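On a predicted model such as this, the values are computed, not experimentally measured, just so you know.
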Amino acid sequence: MPELPEVESVRRSLLPYLPGRVIEEAVVHHSKVLIFPTPQEFVECLRGARFERLERRGKLLIFQLPPGVLLVHLGMTGQITFRDPGRADTPFERHPHTGLERTLQHPLDQHTHISLHFSDGCALLYRDIRKFGKWRLIRRDNPRLQNELARVGTDPLTEDWQFEPFFQAVTRSDRAIKAIILDQQVSAGVGNIYADEALFVAGIRPEVRGKKLSRPRLKKLFKAIPEVLQKGLKYGGTSFSDYVDADGKKGTNQESLLVYGRYGQPCYQCRQTLLRTTVAQRTSTWCKVCQKA
DNA sequence: ACCTCGACCTGGGCGC
DNA sequence: TGCGCCCAGGTCGAGG
């Protein structure tokens, strides 16, 4: 589900609620998504903890709540929502153009694995249908924390996104370019949707080997990656089925995607029918006219 | 170092 | 209505 724009939308939508708030009680309903510590230690460590900051690197949410740091990866279907029992709940709203239904404040159901409760009755709920998401609570002085953070590479929406390191990483590799930009060390936060979008914008076929790509073509891709991510963010993320922000709102970027999910439909640029192949074990949609080998 | 495959999970959509 | 199959925003480990 969530790639950088979705995770960042979740982060931003949580900001009005979290900083300064103190956890009264943490509840682990199903421990599958909790990697460490044990549920007992998790609950004990979080009782009385105060949210300080909420950061993000790539697809990783970083909750600073001393003495610990909570790392959350949403996997494919993870949802973090803020529940306020005092707020009027709207069971659904119809999107004016698409008719898409949007649900606010998801219920505590069998897919809700973790809840963090505050003294005023509000709560942070974690729901994850497929249970691919992961929660890790690590003390700040634990060296494991740096190991976990080091697994995430350069985030394309930061000033660390520089052309030379990107160029080196790509041209050093014989892998398909799509596999390279899906590599979280190379471009942290890019997933299947935005990889296809960026490759289309740059006019590069997904299966082209990294070392075959010229400097000018990679310059285009280097620019396209943050562009498509920014666009996704502008529309509040891409919601095909599960993605919602902290208020339960879906994004609308699915309406402006250029290629992802448009297999068999005409390319917006040349009207050629879009193709679908498997690259890097992921379904890839692309245009044989607009994207060159 | 890289590829492919299967695993981890649940649910929705489709064809029969 | 129901069953079986395929698909899905992600990652990880095994084996070649």
Inter-nucleotide P distance (B/dC5, C/dC6), Å rounded:
15 Å
Hey, does A/Arg151 reach any base, or is it just sugar-phosphate, or nothing, if we go heavy atoms under 4.0 Å?
sugar-phosphate
Using the test side chain to side chain donor-acceptor pair (under 3.5 Å), find all partners of A/Tyr17 that sit at least two apart in sequence or belong to another chain.
A/Arg87, A/Asp247
Using whole Å, what does the distance between atom C1' of nucleotide C/dG10 and atom CZ of A/Phe132 come to?
8 Å
For DNA chain C, stems built from three or more consecutive Watson-Crick or G-U wobble pairs below 3.5 Å
B:2-8 with C:10-16, B:10-16 with C:2-8
How would you list, by chain and number, every residue that makes a ring-ring contact (aromatic ring centres under 6.0 Å, His included) with A/His29, sequence neighbours excluded?
none
Start at the 5' end of DNA chain C and walk down; is the nucleotide closest to A/Leu182 or to A/Arg130 reached first?
A/Arg130
Which nucleotide span of DNA chain B, 5' end to 3' end, has atoms closer than 4.0 Å to non-hydrogen atoms of chain A?
B/dC2 to B/dG11
Quick check against the 3.5 Å criterion: does A/Glu3 have a side-chain atom that pairs as donor or acceptor with the backbone of A/Tyr194?
yes
Stacking between C/dA8 and A/Phe240, yes or no? Criterion: centroid separation under 5.5 angstrom, plane angle under 30 degrees.
no
Answer yes or no: is there a donor N or O on one side and an acceptor on the other, between the side chain of A/Lys250 and the main chain of A/Ser241, under 3.5 Å?
yes
Rounded to the nearest angstrom, tell me the gap between atom CZ in A/Arg262 and atom C1' in C/dA8.
19 Å
Distance between the P atoms of B/dC8 and C/dC3, in whole angstroms?
24 Å
Positions of residues 183-191 of chain A (non-hydrogen atom under 4.0 Å from DNA chain C), listed by number:
A/Gln184, A/Gly191
List the steps and the verdict of side chain to side chain donor-acceptor pair (under 3.5 Å) for A/Asn253 and A/Lys234.
CA-CA 8 Å; A/Asn253 193 237; A/Lys234 181 177 135 194; over 6 Å; no
For A/Lys134, report the nucleic acid contact type (base, sugar-phosphate, nothing); a contact means any heavy atom under 4.0 Å.
nothing
Between C/dT11 and B/dG11, how far is it from one P atom to the other, in whole Å?
22 Å
Whole Å only: how far is the CD1 atom of A/Ile193 from the C1' atom of C/dC7?
14 Å
Distance check needed: C/dA8 C1' versus A/Asp242 CG, whole Å only.
9 Å
Parallel under 30°, tilted from 30 to 60°, perpendicular over 60°: which one fits the rings of A/His30 and A/His113?
perpendicular
What is the separation between atom CG on A/Leu71 and atom P on C/dG10, rounded to the nearest whole Å?
19 Å
Give me the one residue out of A/Arg56, A/Gln230, A/Lys59 that meets side chain to side chain donor-acceptor pair (under 3.5 Å) with A/Glu8.
A/Arg56
Under 4.0 Å, counting only non-hydrogen atoms across every strand here, what does A/Ser241 touch: a base, just sugar-phosphate, or nothing?
base
Could you tell me how far apart A/Gln281 (CD) and C/dC6 (P) are, to the nearest whole angstrom?
18 Å
Short side-chain to backbone donor-acceptor contact, A/Arg205 and A/Lys288, under 3.5 Å:
yes
Show your reasoning for whether side chain to side chain donor-acceptor pair (under 3.5 Å) applies to A/Lys249 and A/Ser13.
CA-CA 10 Å; A/Lys249 288 192 281 195; A/Ser13 59; over 6 Å; no
Given atom NZ of A/Lys131 and atom C1' of C/dC12, what is their separation to the nearest angstrom?
18 Å
Within the structure shown, what part of the strands sits under 4.0 Å from A/Tyr194 by heavy-atom distance: base, sugar-phosphate, or nothing?
nothing
Looking at A/Arg127 and A/Asp242, is any side-chain nitrogen of the basic one under 4.0 Å from a carboxylate oxygen of the acidic one?
no
Could you tell me whether the side chain of A/Thr38 and the main chain of A/Glu41 form a donor-acceptor pair under 3.5 Å?
yes
For A/Arg140, enumerate each residue passing the side chain to side chain donor-acceptor pair (under 3.5 Å) test, keeping only those at least two apart in sequence or located in another chain.
A/Glu52, A/Gln64
